[in-house]
Structure formats: C-alpha cells, structure tokens
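Okay, structure first, notes after.
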Amino acid sequence: MGRIKLTVAYDGTNYHGWQLQPGEATIEGELNKALSQLTGKQVCVTGASRTDAGVHALGNVAVFDTSSHIPAEKFSYALNQRLPADIVVQCSEEVPGDFHPRHCECRKTYEYTILNRKFPLPQYRNTAYFYYGKLDINRMRSACSAFIGEHDFAGFCSSGAQVQSTIRTIYSLEVLEENIPEPDANTARNHEYGNNIARTGRIITIRVEGNGFLYNMVRIIAGTLLETGKGRINPDDMKEIIASCDRNRAGATAPARGLKLVQILY
C-alpha cells in the first residue's frame, strides 16, 4: 500500500467548495470519482485546504492510499483524462505513509485579486472582485505590517469555525499593483477616471503567506484592506483591530471569486 500526493489546480466557480457535500459538485468528490474509476476500488482523498465555494487553486494538495501498480508519477496523466476540464492534477508523487497534508508543518500562500476600474471585464468575472471606486494602495500597504508575526486572529475568523486555537503566524503580506494594458491610447489620454485609473484600470493583488489560516481569514484580511484603501479604516489602527479579537472591527468578508490558493510548501 502506497500513499500518493496530488498537487491540484482548479477553477472553483462551478463547485460547492472542496469538501464532500451530499448532492453537490465538489472538488473532492470529482477526485474521488476519477480515482475510483481508475483503480477499480473506492478511493477517498484527504485534502490540505478545504476551500470554499467559488474559491480557486493553483496548488492545493491531496493524498490517497492505494495498492494500485500504476507508477506514482503516472496518476496525474491518467486522472486528467477523467477529470472535468476545470480540475487539473499538476503533479503526482509517492510520499511516506505518515505524511498528512493538514497535520504536517507547512507554509500556505493565498492571493486575492481585485479588478479596479470603471467597468468590469468579462474575462475576470469569476476570478477577481470588481470594485469601481478609488482605492489608495499606499494606505493598504501601510496596514500590512501589523499582520506580520504570530497573533490571535479571532477577529478575522467567521463564525462556525471548529478550531482549537485562533493563533496563526503570517510570514508575509503584500499588496501588488499591475496596470491593465490600454487598448486605445487616445481614449486613455482623453478619459481619465479618478485616482489615475483610466478606462483600463488595474489589477490589485493581495498576497499572504502563513503557517495556516482560519475560516475565511484571508477573505476577511482582503475585506479589511479594501476598507483601508477606501479610507474607512486607518492603517495606524490595524494593530489595535487585530489585538481586539473583535470580528465587528475588521472589514467585511470579501467575495470568494477573488481568492485562490497559490501553493503549499512542506
């Protein structure tokens, strides 16, 4: 019996999250179905991160045990022939039998994407949160340092979480900015839209790396930084907001579609 680790990328738009739910399409359910068809035996994967409905991933991790004679590295090819097009196994490899994707020490990286322009762009409708107003990116960046280190993030956790501790460590938090190429230079010169946003606008990416995250924690961090960029939260107050452990003092939970799990390093 061997244990196989899968690195999985997916577009979560059409799924009710990672975890199995009766009568609903889930990432875990699709993997179980494809593996069971491939091996001829009932297989249930164990995932590293139970992403919510609508959340995406470039590198979530899952493991399963099998007595199949299929070489570990070949599972990715065989599974991708059976999985829907919006779920793709990027890598398959054998790992020690005691490797557990949720219990082993790791570093997780998430990104939250914001489309900041006058009008939405269809190609971003499922992968970014659209916001048309002014966002002060310097205020957002100023607030990031308060999150670095080990803190009690109870105020950045949605109700219903079943955890023994709300203490987590954040290694890095940054706010990146990328202008979207202007399709019409004359339009850009003649039509500027607030805060140096022309009709093209920009992509703002909030990237965070930590040793683990609470339920909706990254989306609440993103929502809090959005409120900071709007001028509704003072960056200098962020340390106090975190220390208060008061969910009502942090920002709203940002929509799921802007979030993706980038990688998990063990």
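All of these numbers come straight from a predicted model, not from anything done at the bench.
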May I have all residue pairs that pass salt bridge (Lys or Arg N to Asp or Glu O under 4.0 Å) and include part of residues 25-51, sequence neighbours excluded?
-> Glu30-Lys33

What residues, two or more places apart in sequence or in another chain, satisfy side chain to side chain donor-acceptor pair (under 3.5 Å) together with Ser172?
-> none

Rounded distance [0.5 Å steps], CD1 in Ile180 versus CD in Gln123 = 8.0 Å

Hey, can you tell me if Phe147 and Phe153 have their rings parallel, tilted or perpendicular (30° and 60° cut-offs)?
-> parallel

Smallest heavy-atom separation, Cys157 atom then Arg247 atom, equals O-CD, 3.7 Å

Please assess Ile114 against Ile206 for the test side-chain contact (heavy atoms from CB on, under 4.5 Å), listing each intermediate value before the final yes or no.
-> CA-CA 8 Å; Ile114 302 161; Ile206 298 168; 4.0 Å; yes

Any chance the side chains of Asn179 and Arg202 put a donor and an acceptor closer than 3.5 Å?
-> no

Shortest non-hydrogen contact between Ser244 and Arg249, atoms and distance | OG-CD, 3.7 Å

Starting from Leu265, walk the hydrophobic network (Ile, Leu, Val, Met, Phe, Trp, Tyr; side-chain heavy atoms closer than 4.5 Å) and list everyone else you reach, by chain and number.
-> none

Listed partners of Asn32 passing side chain to side chain donor-acceptor pair (under 3.5 Å), at least two apart = none

Shortest non-hydrogen pair, Ala9 vs Gln90, comes out as CB-NE2, 3.7 Å

Gap separating the SG atom of Cys91 from the CD atom of Glu73, nearest 0.5 angstrom | 9.5 Å

What are the two closest non-hydrogen atoms of Ala143 and Thr228, and how far apart are they?
-> CB-CG2, 4.1 Å

Would you say Arg207's side chain and Thr109's backbone share a donor-acceptor pair under 3.5 angstrom?
-> no

Can you list every side chain to side chain donor-acceptor pair (under 3.5 Å) pair that touches residues 141-152, not counting sequence neighbours?
-> Asp152-Thr166

Note: Thr7 and Gly59 closest approach over all heavy atoms is CG2-CA, 3.8 Å

In terms of hydrophobic clusters joined by side-chain contacts under 4.5 Å, are Leu135 and Leu176 together?
-> no

Nearest-0.5 Å distance that lies between atom CD in Glu94 and atom OG in Ser92 | 10.5 Å

Are any non-hydrogen side-chain atoms of Glu209 and Leu173 less than 4.5 angstrom apart?
-> no

Donor-acceptor side-chain pairing of Ser49 and Tyr110 below 3.5 angstrom = yes

Side chain to side chain donor-acceptor pair (under 3.5 Å) contacts touching residues 254-266 (sequence neighbours left out) | Glu111-Lys260

Just how far is it from atom NZ of Lys74 to atom OG of Ser68, taken to the nearest 0.5 Å?
-> 13.5 Å

Which heavy-atom pair separates Gly155 from Ala250 by the least distance, and what is that distance?
-> O-CB, 3.7 Å

Leu115 side chain reached by Ile204 side chain, heavy atoms, under 4.5 Å = no

Out of curiosity, Leu20 CG to Thr26 OG1, how far, rounded to the nearest 0.5 Å?
-> 4.5 Å

With the side chain counted from C-beta on, respond yes when Phe130 and Pro255 share a heavy-atom pair under 4.5 Å apart, and no when they do not.
-> no

Please table the atom pairs, donor to acceptor, closer than 3.5 Å between any side-chain atom in residues 211-226 and protein atoms at least two apart or in another chain.
from	atom 1	to	atom 2	distance (Å)
Asn211	OD1	Thr169	N	3.0
Asn216	OD1	Arg219	NH1	3.3
Asn216	ND2	Ser158	OG	2.9
Arg219	NE	Ala254	O	2.7
Arg219	NH1	Asp52	OD2	3.4
Arg219	NH2	Ala254	O	3.3
Thr224	OG1	Ile220	O	2.8
Thr224	OG1	Gly251	N	2.8

Is there a donor-acceptor contact under 3.5 Å from the side chain of Arg125 to the main chain of Pro122?
-> yes

Determine whether Val175 and Val262 fall in the same hydrophobic cluster, where Ile, Leu, Val, Met, Phe, Trp and Tyr are linked whenever their side-chain heavy atoms lie under 4.5 Å apart.
-> no

Would a 4.5 Å heavy-atom cut-off, applied to side chains only, mark Thr113 and Tyr129 as touching?
-> no

When hydrophobic residues are tied together by side-chain contacts of less than 4.5 Å, even through go-betweens, does Tyr171 share a cluster with Met238?
-> no

For Trp18, the other hydrophobic cluster members (4.5 Å side-chain criterion, sorted by chain and number) are Ile4, Leu6, Val8, Tyr10, Tyr15, Ile27, Leu31, Leu35, Leu38, Val43, Val45, Phe64, Ile70, Phe75, Leu79, Leu83, Ile87, Val89

Inter-residue atom distance His56.NE2 - Asp86.CG, 0.5 Å rounding = 10.5 Å

Is Tyr77 reachable from Val88 through a run of I, L, V, M, F, W or Y residues, each pair having side-chain heavy atoms under 4.5 Å apart?
-> no

Is there a chain of hydrophobic side chains (I, L, V, M, F, W, Y, each step under 4.5 Å between heavy atoms) that links Ile264 to Val208?
-> yes

Sequence neighbours excluded, the answer for salt bridge (Lys or Arg N to Asp or Glu O under 4.0 Å) partners of Lys230 is Glu227

Hey, what else clusters with Met1 if you join Ile, Leu, Val, Met, Phe, Trp, Tyr whenever side-chain heavy atoms sit under 4.5 Å?
-> none

For His103, ring pair (Phe, Tyr, Trp, His ring centres under 6.0 Å) partners two or more places apart | His100

Looking at side-chain heavy atoms only, is the closest gap between Phe156 and Ile242 below 4.5 Å?
-> yes

Sort and list the pairs that fulfil salt bridge (Lys or Arg N to Asp or Glu O under 4.0 Å) and have at least one residue in residues 160-172, not counting sequence neighbours.
-> none

